[in-house]
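The structure appears below as structure tokens.
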2 protein chains.
Amino acid sequence: MSRPSAKTASPAKAAATKKTMRAGLSQAGPEMTKVDLDFLPSTIGYFLRRLQQAYKEHFLASTPGLDMAPKDVSALFVVARNAGISPSQFGSALGIDGAMASLQLAALERRGLLKREKSVIDGRSRIITLTQQGATMITKLRRTVASVDAQFTDGLDEKERAVLLGLLARLLAAHAGDLVMKGSARR
Amino acid sequence: MSRPSAKTASPAKAAATKKTMRAGLSQAGPEMTKVDLDFLPSTIGYFLRRLQQAYKEHFLASTPGLDMAPKDVSALFVVARNAGISPSQFGSALGIDGAMASLQLAALERRGLLKREKSVIDGRSRIITLTQQGATMITKLRRTVASVDAQFTDGLDEKERAVLLGLLARLLAAHAGDLVMKGSARR
DNA sequence: TATTGTTATACTCTATAACTATA
DNA sequence: TATAGTTATAGAGTATAACAATA
């Protein structure tokens, strides 16, 4: 699968979803013997890993030519709704550290979707805002993402989807601090 | 966070969980203004990404010295329960293609946890089995993983956990084929 | 010629540390 | 001296293609 490359900023190689019809596997036919997954199917970790992998595939396949990973989309949404946010706040909200935040913001800035300007109040800080192009992009993305995400849960009815979101949200709330904590402890 | 490196096979650098007390972020204090995540919290994709990230952290932090990612553990379980499985079947069961399967199996073989032998029935195929060391490892892992995974869902009661697993399983079943499909189409 | 598996290459992603500039 | 942010480096992860062996 061709992956999005926000960093190398290739705004044109878009619809080149190259398909290689061979990758080393060939079975998975209807006659294949069932593989025993042991107690993996009773663990949350197994499903989280497989499903995130599947989600990324689904998202990219559903947005040909967009050349953005779910992560980049999240970033844009956050900036869109929090104009003037700082890289620190941005990273903290998404559970990534300062260096990663810088890299991701730099990539989106290179694509012309947002800009970073020095704060006049505190010269160390930065003010992040969407560019006009970024704002346009967000408008499109809002519909697209909602649709693509809903499609991923096609097999669930409204209530089930709500229950799932609720449980996932509680899990994240219980663990969200862990990641940023790494870099936020004082010496 | 120091990450597991099954490939470079470092069976000894185990308990070196280096902690850098600074990574570029410092807020997240109680007085920080709340960041608006827009409609991200209503999407499955957002939670899958964040939670998988958190899970990996949780797993690694909970198994100091093990130097294995959840992915490697899954691989061992599959081989343990399916002695003599081929790389194809292995990869198909876990949603990865042949090349990736080879790499992962090679890494675990380098660590002495499993072995690959040429099949006498079909010389192209391989027979994967656990080594004695791998079998010992699995015994330990079975308890550890169950505990670590359960701990991750600490905030949920038994019923809620079961509901969550059920919904995740249905989602995966609906998307599991997508990944392997990439390499299984004939020309 | 097709299939199984491995290896090679290149590129992306991420962690860490070093660095700049402001305070 | 401490903080906000960036950049540099290295390592791990992954996609793809090329390859070797066997059927």
Side-chain angles (χ1 to χ4, degrees), chain A residues 1-8 10 17-27 29 49 53 56-57 60 69 71-72 85-92 95-107 109 116-128 179 182-184 186-187, chain B residues 1-10 17-27 29 53 56-57 60 67 69 71-72 86-92 95-107 109 116-128 179 182-184 186-187:
Chain A
M1 161 66 76
S2 68
R3 306 163 78 201
S5 55
K7 275 182 188 167
T8 44
S10 52
T17 308
K18 195 190 314 174
K19 276 186 192 171
T20 306
M21 283 296 112
R22 212 214 147 249
L25 283 179
S26 66
Q27 42 18 292
R49 185 161 41 81
Q53 192 184 11
K56 210 153 56 175
E57 286 282 333
L60 294 175
K71 170 188 18 171
D72 303 312
I85 193 176
S86 73
S88 304
Q89 295 173 309
F90 169 84
S92 173
I96 60 184
D97 70 19
M100 291 298 299
S102 267
L103 289 174
Q104 202 180 346
L105 291 169
E109 190 171 44
R116 294 175 289 181
E117 297 165 305
K118 181 184 281 193
S119 166
V120 289
I121 297 169
D122 183 338
R124 295 172 300 182
S125 193
R126 296 289 180 273
I127 299 296
I128 310 169
L179 291 166
K182 282 197 303 178
S184 64
R186 265 85 167 180
R187 252 173 310 193
Chain B
M1 159 66 76
S2 70
R3 306 163 78 199
S5 55
K7 274 180 188 167
T8 46
S10 53
T17 309
K18 195 188 314 174
K19 274 183 192 173
T20 307
M21 283 296 112
R22 211 210 149 254
L25 282 179
S26 64
Q27 39 22 289
Q53 192 183 10
K56 210 156 49 175
E57 285 284 333
L60 294 175
D67 197 37
K71 171 189 15 170
D72 303 311
S86 73
S88 304
Q89 294 172 309
F90 169 85
S92 173
I96 60 183
D97 69 20
M100 292 297 299
S102 266
L103 290 175
Q104 204 181 343
L105 290 169
E109 189 171 45
R116 294 175 290 181
E117 298 165 303
K118 182 184 280 193
S119 166
V120 289
I121 297 169
D122 184 338
R124 295 170 302 181
S125 192
R126 296 290 180 273
I127 300 295
I128 309 169
L179 292 165
K182 282 197 303 178
S184 63
R186 266 83 169 184
R187 250 173 313 191

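This is a predicted model, so every value here is computed, not measured. All values below were derived from every heavy atom in this structure, side-chain atoms included, with hydrogens, water molecules and symmetry-related copies excluded. Below, read A as the first sequence line, B as the second, and so on, with proteins coming before strands; counting in each chain starts at 1.
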Exercise. When you match A:Ser119 and B:Ser125 each to their closest nucleotide on DNA chain C, which lands nearer the 5' end?
Worked result: B:Ser125
Problem set entry | Phosphate OP1/OP2 of D:dG13: any B:Lys56 side-chain N/O under 4.0 Å | no
Exercise. Can you check the A:Ile121 CD1 to D:dT3 C1' distance for me, whole Å?
Worked result: 16 Å
Exercise. Looking only at heavy atoms, what is the nearest atom pair of A:Ser86 and A:Ile128, with distance?
Worked result: C-CD1, 3.8 Å
Exercise. Sub-3.5 Å donor-acceptor pair from the side chain of A:Gln104 to the main-chain atoms of A:Lys71, do we have one?
Worked result: yes
For this session: Could you check which of C:dA15, D:dT6, D:dA15 has an atom nearest any side-chain atom of B:Met100?
Result: D:dA15
Exercise. Out of D:dA17, D:dT14, D:dT22, which has the shortest distance to the side chain of B:Arg124?
Worked result: D:dT22
Seminar exercise, completed: On a heavy-atom basis, the closest approach of A:Ile96 and A:Met100 is CB-CB, 4.1 Å
Problem set entry | Phosphate OP1/OP2 of D:dA21: any B:Arg126 side-chain N/O under 4.0 Å | no
Problem set entry | Length of the CG-C1' vector between B:Asp67 and D:dA12, whole Å | 12 Å
Problem set entry | d(CG, B:Asp72; P, D:dA12) in whole Å | 12 Å
For this session: Rounded to the nearest angstrom, tell me the gap between atom CD1 in B:Ile96 and atom P in D:dT16.
Result: 15 Å
Exercise. What is the distance from atom CD of B:Glu117 to atom CZ of B:Arg126, rounded to the nearest 0.5 Å?
Worked result: 10.5 Å
For this session: Tell me what A:Ser102 touches on the nucleic acid: a base, only sugar-phosphate, or nothing, going by heavy atoms under 4.0 Å.
Result: base
Exercise. Just checking B:Ser86: base, sugar-phosphate only, or nothing, at a heavy-atom cut-off of under 4.0 Å?
Worked result: sugar-phosphate
Problem set entry | Whole angstrom value for the distance that separates P of D:dA8 from CG of A:Asp97 | 17 Å
Exercise. Between A:Lys118 and C:dA23, is there a side-chain N or O to OP1/OP2 distance below 4.0 Å?
Worked result: no
Problem set entry | d(CD, B:Gln104; P, D:dT14) in whole Å | 9 Å
Problem set entry | Euclidean distance, atom CG of residue B:Leu103 to atom C1' of C:dA8 [Å, nearest integer] | 10 Å
Exercise. Which nucleotide sits closest to the side chain of B:Asp122: D:dA23, D:dA15, D:dA21?
Worked result: D:dA23
Exercise. Can you tell me how far P of C:dA15 sits from CD of B:Gln53, to the nearest Å?
Worked result: 7 Å
For this session: May I ask you to evaluate whether B:Arg116 reaches the phosphate of C:dT6, defined as a side-chain N or O under 4.0 Å from OP1 or OP2?
Result: yes
For this session: Mind checking side-chain hydrogen bond (donor to acceptor under 3.5 Å, both in side chains) for A:Glu109 and listing every partner two or more places apart, or none if nothing turns up?
Result: A:Arg116
For this session: For the side chain of A:Pro87, starting at C-beta, report the closest nucleotide among D:dT6, C:dT14, D:dT14.
Result: D:dT6
